[in-house]
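Working notes, beginning with the structure itself.
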Amino acid sequence: MPMARRSPNDTSPAISLQPLAHDELPLDTIALAKFLVGKMLVRHGTDGPMTGRIVETEAYPPGDDACHARSGRTQRNASLFLPRGHAYVYRAYGSAMMLNISSEEEGTGAGVLVRAAEPLGGIAAMRMRRGVEDVRRLARGPGCLAQAFEIGFDLDGKLYAPESGIWLADDGFSRTEIASSKRIGITRNADQPWRYFVRSSPWVSGPAWLNRAPS
DNA sequence: TGAAAGATTCGCT
DNA sequence: GCGAATCTTTCAG
């Protein structure tokens with residue numbers, strides 16, 4: 001496993017990928033969405049480990065009309081009702097896979113969409129899978145991110161943990177420049193400022209005017 | 001059983 | 001920057 005080697009002799013500035021335990025995640029959906037910006041996403045795919053820093057998320061809290069859980073539990077959205085820290089994977093527009101993290105208590109349908117990441121490790125594998133050279137376009141946008149990180153339905157319902165092949169980590173990156181905006185690409189309840197991202201980051205998706213807007 | 005909408009992406013102008 | 005492609009899920013009749 002590509003677990004962080006934390007040898008005391010390792011004085012390199014290498015990122016230490018300490019997996020986040022599920023009880024370290026905020027229970028509240030909005031708090032979780034903010035919390036995840038700046039955290040590491042680690043994926044152990046068929047071509048080896050890949051890592052990236054999450055730079056953009058969107059919250060879909062309980063009672064939100066845009067949340068897929070709004071009409072109750074179905075086969076498709078069942079993972080949203082799992083305890084926080086589980087993966088919810090679905091397909092939008094026929095082809096784009098979307099990666100989410102469930103939030104709140106078990107039985108409450110809510111989650112956080114991971115929209116973009118800064119690729120850090122396994123970039124060669126991401127390039128191959130995406131068919132794109134430009135690093136900035138590897139994981140910008142939820143569908144692109146999912147393709148780069150080899151996200152499929154097999155991950156749906158899995159707990160974010162090393163044994164699942166996908167997990168979250170905190171390398172101590174400080175998140176001082178988090179901005180918020182309206183969420184992208186939705187029509188229901190579209191005015192809520194529940195999108196969170198690193199301001200001025202070249203890795204975030206969305207139109208430039210939205211990313212410059214004051215939070 | 002049919003119709004409509006959708007947490008997007010890509011290519012072309 | 002704009003518009004078409006795409007196909008699954010869900011809801012209505």
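Side chains included, hydrogens not; waters and symmetry mates left out as well; all remaining heavy atoms used. Order of the sequence lines sets the chain letters (A, B, ...), proteins ahead of strands, with each chain counted from 1.
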Within residues 138-161 of chain A, residues whose heavy atoms come under 4.0 Å of DNA chain B: A/Gly141, A/Pro142, A/Gly143, A/Cys144
Chain A contact limits on DNA chain B, taken 5' to 3' with a cut-off of 4.0 angstrom to heavy atoms: B/dG6 to B/dC10
First and last nucleotide of DNA chain C, 5' to 3', lying under 4.0 Å from heavy atoms of chain A: C/dT6 to C/dC11
Nearest heavy atoms of A/Gly72 and A/Phe81, plus distance in Å: C-CZ, 3.8 Å
Across all chains, not counting sequence neighbours, the side chain to side chain contact (heavy atoms under 4.5 Å, CB included) partners of A/Pro207 are A/Ile184, A/Trp209, A/Leu210
On a heavy-atom basis, the closest approach of A/Arg130 and A/Leu138 is NE-O, 3.0 Å
Given side chains that start at C-beta, do those of A/Ile151 and A/Val89 come closer than 4.5 Å, heavy atoms only? yes
Might you work through the salt bridge (charged side-chain N to carboxylate O under 4.0 Å, His left out) test for A/Arg129 and A/Asp47, ending with a clear yes or no? CA-CA 10 Å; A/Arg129 195 165 291 109; A/Asp47 298 321; 2.9 Å; yes
Does A/Leu82 reach the side chain of A/Leu159, with side-chain heavy atoms less than 4.5 Å apart? no
Any salt bridge linking A/Arg84 with A/Glu104? Criterion: basic side-chain nitrogen under 4.0 Å from a carboxylate oxygen. no
Looking only at heavy atoms, which two atoms of A/Ser102 and A/Ser79 are closest? And how far apart? CB-O, 3.5 Å
Which residues satisfy the side chain to side chain contact (heavy atoms under 4.5 Å, CB included) test with A/Asp64, sequence neighbours excluded? A/Tyr60, A/Pro61, A/Ala66, A/Cys67, A/Arg183, A/Asn189, A/Trp194
Checking A/Tyr90 now: which residues fulfil ring pair (Phe, Tyr, Trp, His ring centres under 6.0 Å) with it, not counting sequence neighbours? A/His68, A/Tyr88
Compare every heavy atom of A/Leu32 with every heavy atom of A/Ser103, then report the nearest pair and how far apart it is. CB-CD2, 3.7 Å
Holding to side chain to side chain contact (heavy atoms under 4.5 Å, CB included), I want the full list of residues that pass it with A/Ala96, two or more places apart in sequence or in another chain. A/Met98
Check: A/Leu41 and A/Tyr160 side chains under 4.5 Å, non-hydrogen atoms: yes
Looking at DNA chain B, which of residues 102-116 of chain A put a heavy atom within less than 4.0 Å of it? A/Leu113, A/Arg115
Within residues 61-82 of chain A, which residues have any heavy atom lying less than 4.0 Å from an atom of DNA chain B? A/Ala66, A/His68
Where the side chain of A/Ser201 meets the backbone of A/Trp203, is there a donor-acceptor pair that is under 3.5 Å apart? yes
Closest contact, heavy atoms only, A/Ala179 versus A/Arg199: CB-NH2, 3.5 Å
Give the residues of residues 124-132 of chain A touching DNA chain C, defined as any heavy atom closer than 4.0 Å, sorted by residue number. none
Centre of A/Tyr93's six-membered ring, under 6.0 Å away, within 45 degrees of the axis: is that where NZ or CZ of A/Arg91 sits? no
Check whether more than 12 heavy atoms from other residues, nucleotides or ligands sit under 6.0 Å from atom CZ of A/Arg70, and answer yes or no. yes
Show me the donor-acceptor pairs, under 3.5 Å and distance only, between side chains in residues 107-121 of chain A and residues at least two apart or in other chains.
| unit_1 | atom_1 | unit_2 | atom_2 | d |
| --- | --- | --- | --- | --- |
| A/Arg115 | NE | A/Glu56 | OE2 | 2.8 |
| A/Arg115 | NH2 | A/Ser205 | OG | 3.1 |

Lys NZ or Arg CZ of A/Lys39 over A/Phe35 ring: under 6.0 Å, within 45°: yes
Would you write out the dot-bracket form of DNA chain B, 5' to 3', with Watson-Crick and G-U pairs under 3.5 Å, [ ] for crossing pairs, | for pairs to other strands and . for unpaired bases? ||||||.|||||.
Restricting to non-hydrogen atoms, name the atom on A/Thr29 and the atom on A/Pro62 that form the minimum distance, rounded to 0.1 Å. OG1-CD, 3.7 Å
